[in-house]
**Q** 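One structure, pasted below without further comment.
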Amino acid sequence: MIEAHKHLIQWGLDRGYAIEVECEGELDYNGTNYTEAVEAVEACDIGLIYLTEGGEMMAVFSYVLEYDQEPDEIIGDWGINEVSEAWDKEYTSSLSC
């Protein structure tokens, strides 16, 4: 099973979104490179992942990485919209496979 933050990043890139990663209130990453986006997320235990298009924020997800609990990550969305609902539906369906 792919971790939720990795699935979210790949899902967003596959749909043409740029990824922004905010950690401790500072922008740590902005771009379209999967590896760099994942590294930025994993460099911080708590942060935000933005999916952007043309500089406009399309969806934002908060994340908490807790390596000593199960599950070891929590992804939440702030402001449910079509984009966040579409990702959630696809990710949730991948868990039952």
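Heavy-atom basis, side chains included; hydrogens, waters and symmetry copies ignored.
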**Q** Mind listing the closest non-hydrogen atom pair of Ala59 and Ser84 along with its distance?
**A** CB-N, 4.3 Å
**Q** Going by heavy atoms in the side chains, are Ile49 and Tyr63 under 4.5 Å from each other?
**A** yes
**Q** Show the nearest heavy-atom pair for residues Val21 and Ala37, with the distance to one decimal.
**A** CG2-O, 3.9 Å
**Q** Taking the side chain as every heavy atom from C-beta outward, state whether Tyr91 and Leu95 have any atom pair closer than 4.5 Å.
**A** yes
**Q** If we count only N and O atoms by modelled type, under 3.5 Å, do the side chains of Glu85 and Asn81 hold a donor and an acceptor together?
**A** no
**Q** Nearest 0.5 Å, what's the OG1-CE distance between Thr52 and Met57?
**A** 10.0 Å
**Q** Working to the nearest 0.5 Å, report the span between NE2 of His7 and OG1 of Thr92.
**A** 9.0 Å
**Q** In Å and rounded to the nearest 0.5 Å, what is the CE to CD distance from Met58 to Glu82?
**A**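 Between atom CE of Met58 and atom CD of Glu82 there are 8.5 Å.
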**Q** Quick one: which residue pairs count as a side-chain hydrogen bond (donor to acceptor under 3.5 Å, both in side chains) with a foot in residues 19-36, not counting sequence neighbours?
**A**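 Those involving residues 19-36 are Glu22-Tyr50.
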**Q** Rounded at 0.5 Å granularity, tell me how far CD1 in Ile9 sits from CZ in Phe61.
**A**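 So the CD1 of Ile9 and the CZ of Phe61 are separated by 11.0 Å.
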**Q** List the atom of Trp11, the atom of Val83, and the distance in Å for their closest heavy-atom pair.
**A** CH2-O, 3.6 Å
**Q** Please determine whether residues Leu27 and Ile19 belong to a single hydrophobic cluster, defined as Ile, Leu, Val, Met, Phe, Trp and Tyr linked transitively by side-chain heavy-atom distances below 4.5 Å.
**A** no
**Q** Any side-chain heavy atom of Leu51 within less than 4.5 Å of one from Val60?
**A**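 Sidechains of Val60 and Leu51: no contact.
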**Q** Tell me, do His5 and Gln10 make a side-chain contact under 4.5 Å, heavy atoms counted?
**A** no
